[in-house]
Amino acid sequence: MIDLLLAESEISDLARRIHPGENPEECIARAAWTVIAEPGDAVAGALIQSAGAVEALALAVGDSSSLLAPGGASAAASRALREGRARWRTRADPLAVGAALRSAADVDAKLVIPGDVAWPAALEDLGPHAPSALWVRGRTELLTREPRYW
């Protein structure tokens, strides 16, 4: 799926519009994760943390079965990955990712990803349950403004 998305020039152009920077691949992969994984999906979060968003996406929805038996993984971890792949593959539609990027660009939304200046550091407290990205309309700098009032 990631290869299909990266091959589309429109997708890369949209990614640059919603997330300026030198790495549209990371933006596209994280946008894809917001489409295929439920918010707070700890299995997806752990996979992204260990492999990075781009590689994790390729492993999660690609044809490789090598992900299912990582070295030293417990039976429970292997089962969680198998179940995660089953969930994610049903939603892994490049057209849906393209639609999400197009919709964001249409309303001038931005995609904020970990490592961005606007990424709220407090989200790291969620560990693998942290969002893979945030879709934001408006001023992204307000995400990290101090003091924060809830």
Side-chain angles (χ1 to χ4, degrees), residues 1-73 77-124 126-144:
M1 179 166 124
I2 189 67
D3 293 333
L4 290 173
L5 291 166
L6 294 174
E8 278 290 324
S9 62
E10 179 195 12
I11 298 295
S12 294
D13 292 344
L14 288 166
R16 286 184 182 89
R17 281 182 56 197
I18 66 166
H19 186 265
E22 297 178 21
N23 193 356
E25 296 87 4
E26 182 77 7
C27 171
I28 293 166
R30 289 194 176 266
W33 276 110
T34 69
V35 171
I36 69 169
E38 292 291 329
D41 184 333
V43 178
L47 185 58
I48 293 167
Q49 284 178 345
S50 67
V54 176
E55 183 65 20
L57 187 62
L59 292 169
V61 299
D63 293 330
S64 173
S65 61
S66 63
L67 177 66
L68 300 180
S78 291
R79 184 176 58 250
L81 287 171
R82 273 194 311 276
E83 292 169 357
R85 283 185 78 171
R87 285 191 311 272
W88 306 324
R89 285 176 150 199
T90 62
R91 300 177 186 145
D93 180 2
L95 295 175
V97 177
L101 294 168
R102 248 179 249 97
S103 294
D106 288 347
V107 297
D108 200 29
K110 301 296 178 210
L111 190 70
V112 178
I113 64 175
D116 287 350
V117 172
W119 184 259
L123 290 177
E124 300 309 318
L126 298 173
H129 298 282
S132 57
L134 299 173
W135 296 98
V136 180
R137 289 182 64 196
R139 297 173 46 199
T140 59
E141 70 273 10
L142 295 178
L143 293 170
T144 57

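Numbers here simply count residues along the sequence, with the first being 1.
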Side chain [X], main chain [Y], donor-acceptor under 3.5 Å:
{"X": "Asp116", "Y": "Ala118", "answer": "no"}
{"X": "Thr90", "Y": "Arg87", "answer": "yes"}
{"X": "Arg85", "Y": "Gly62", "answer": "yes"}
{"X": "Lys110", "Y": "Ala105", "answer": "no"}
{"X": "Arg30", "Y": "Glu26", "answer": "no"}
{"X": "Trp33", "Y": "Ala44", "answer": "no"}
{"X": "Ser12", "Y": "Ser9", "answer": "no"}

Gap separating the [atom1] atom of [X] from the [atom2] atom of [Y], nearest 0.5 angstrom:
{"X": "Ile28", "Y": "Leu111", "atom1": "CD1", "atom2": "CG", "result": "10.5 Å"}
{"X": "Ser132", "Y": "Ile36", "atom1": "OG", "atom2": "CD1", "result": "8.5 Å"}
{"X": "Leu59", "Y": "Leu81", "atom1": "CG", "atom2": "CG", "result": "9.5 Å"}
{"X": "Leu101", "Y": "Asp13", "atom1": "CG", "atom2": "CG", "result": "11.0 Å"}
{"X": "Glu25", "Y": "Ile2", "atom1": "CD", "atom2": "CD1", "result": "8.0 Å"}
{"X": "Met1", "Y": "Arg91", "atom1": "CE", "atom2": "CZ", "result": "12.0 Å"}

Find out whether [X] and [Y] are in side-chain contact, i.e. whether some heavy atom of one side chain is under 4.5 Å from a heavy atom of the other.
{"X": "Leu126", "Y": "Pro131", "value": "yes"}
{"X": "Leu134", "Y": "Pro120", "value": "yes"}
{"X": "Trp88", "Y": "Leu57", "value": "no"}

State, to 0.1 Å, how close Trp135 and Ala104 come at their nearest heavy-atom pair, and which atoms those are.
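Scanning both residues completely, I find the closest heavy atoms to be CZ3-CB, 3.4 Å.
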Grab the two heavy atoms, one from Ala46 and one from Pro128, that are nearest each other, plus how far apart they are.
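Smallest heavy-atom distance, with atoms named: N-CB, 3.7 Å.
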Answer yes or no: does atom CD of Glu141 have more than 12 heavy-atom neighbours from other residues, nucleotides or ligands under 6.0 Å?
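Counting other residues, nucleotides and ligands, CD of Glu141 exceeds 12 neighbours.
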